[in-house]
Asker: 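First the structure, then my questions, so here it is.
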Amino acid sequence: MHSSAVFLIEFGAVILGLGLLGRLAGRFQFSPIPLYLLAGLAFGEGGLLPLGTSEEFVATGAEIGVILLLLMLGLEYTASDLVSNLKTQYRAGLVDAVLNALPGAVMALLLGWGPVAAVVLAGVTWISSSGVIAKVLGDLGRLGNRETPVILSILVLEDLAMAVYLPIVTALLAGAGLAAGSVTLAIALGVAGLVLFLAVRYGRHISRFVSSDDPEKLLLVVLGLTLLVAGIAQQLQVSAAVGAFLVGIALSGEVAEGTHHLLSPLRDLFAAVFFVFFGLHTDPASIPPVLLPAMTLAVLTASTKIATGYWAARRAGISKRGRWRAGGTLVARGEFSIVIAGLAVTAGIEPSLGPLATAYVLILVVLGPLTARWTEPVARRVTARLAARREPAPATATAVEGGGEAGVGNGGDRVAEEPRETVDDPDAVGRRS
């Protein structure tokens, strides 16, 4: 059979399969990312039916998928939003980095993988999935909750941190020395700072230049500009993904909304291809040996993310219910963790890192929506039970003996109701800050 025909059959089967998996995930209301990863495992090294002629095209599509993921993420924020978040929530970002990056780094060192792998695994466990979390917030109707801006601020700070982290990882994986790595980081920070300055100062002019009433022209200009900037960034040894993210930040207003609408289907297509590509390069037989470390990391970093969200929401004056919701929502890991691990896999660093990251993301991308839904109710019930146990038993009897003046409508019920926090929850669903 002609090679082009084989390519069309293979790639068509992959896209059709992804579409069916996406519909299956939608029916059960969970993220399709685990299914995409499993599809990659099935068609990759050691899988049921390895791909042949279409693998090179899938690799190119995967790179475009990362670029579009970061572009669309950048479109969600304006430069002024980013500056404001840096000023008000930087402490939450630092707590987030320390609590969630350290477990990954320590695990890599305990496994004997060395310092470079430790830096990579720290990033894998640090970054939450903006895509999964955004979907969960929408599905649960929490976009108007008071804790939601806190969640988004942490996600924005993580995204900004990637502008510094990814060039460092790229330099380390390339084996660059301290001097070369410092130059790479300086270039990355310089480019990021320049783009942010231009976006704040001349964002309207940039958006006006890109703007077009014709959807076709707008799509071509934005997509071409993004790929061009991403390529230049990569040529300067700065991550192409960071370049795409900064392009998204530079666009605002109607241009950003129109671009988001036009590019969403392309983003979804190539992002799915990216997750499949990552799975293609992971041998399913290599996952069982790392399943225990992956599960350990998942449980540990799910707890640290909940603690991060609770602490940040508490600083913002959110009620206890909102604090637990914020923490539970941040648990999911996804696209960024796979992007970081993918860099290490491509560079040929520690062979077990890819399988560990795959298993870790599979666990947390399934667990994340569950913790977002159930962390607050479970915490409330546990708190109520603990409070009931601490309540002094003779209190009611003493009140009755005293003539009933502190009877049922007063002290007894008040003590029982206080820990439950059912009085007009200020962060209830649908209320805006």
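The figures that follow rest on heavy atoms only: side chains count, while hydrogens, waters and symmetry mates do not. This chain uses plain numbering: 1 for the first residue, then up along the sequence.
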Asker: For residues T329 and I133, report the shortest heavy-atom separation together with the two atoms involved.
Answerer: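 Minimum heavy-atom separation between T329 and I133: O-CG1, 3.3 Å.
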Asker: Tell me which one of L227, L223, V247 satisfies side-chain contact (heavy atoms from CB on, under 4.5 Å) with I67.
Answerer: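 The option that passes is L227.
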Asker: Kindly say whether E147 contributes a backbone atom to a donor-acceptor pair with the side chain of N145 at under 3.5 angstrom?
Answerer: no
Asker: According to the side-chain hydrogen bond (donor to acceptor under 3.5 Å, both in side chains) rule, which pairs have a member within residues 117-126, sequence neighbours left out?
Answerer: D96-W126
Asker: Does a salt bridge link E158 with K305, judged by any charged N lying under 4.0 Å from a carboxylate O?
Answerer: yes
Asker: Please find the pair of heavy atoms, one from G258 and one from L218, that lie closest to each other, and give the distance.
Answerer: C-CD2, 4.1 Å
Asker: With heavy-atom distances below 4.5 Å as the criterion, would you say the side chains of L356 and P293 are in contact?
Answerer: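 L356 reaches P293 side chain to side chain.
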Asker: Can you name the nearest heavy-atom pair linking S337 to V361, along with the distance?
Answerer: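 Scanning both residues completely, I find the closest heavy atoms to be CB-CG2, 3.7 Å.
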Asker: Locate the shortest heavy-atom distance separating A379 from T383; write the atom from each residue and the value.
Answerer: O-OG1, 2.7 Å
Asker: Within the distance-only criterion (no hydrogens, no angle test), does the side chain of R142 pair as donor or acceptor with the backbone N or O of A372 below 3.5 angstrom?
Answerer: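 Indeed, once roles are kept as given, a pair shorter than 3.5 Å links the two residues.
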Asker: Identify the two heavy atoms, one from S264 and one from M72, that lie closest to each other, and give their separation to 0.1 Å.
Answerer: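 Closest approach of S264 to M72, heavy atoms only: OG-CE, 3.4 Å.
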Asker: What are the two closest heavy atoms between V331 and G368, and how far apart are they?
Answerer: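 Looking at all heavy atoms of both residues, the closest pair is CG1-CA, 4.1 Å.
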Asker: Could you state the interatomic distance from CG (L137) to CD1 (I151), rounded to the nearest 0.5 Å?
Answerer: 5.0 Å
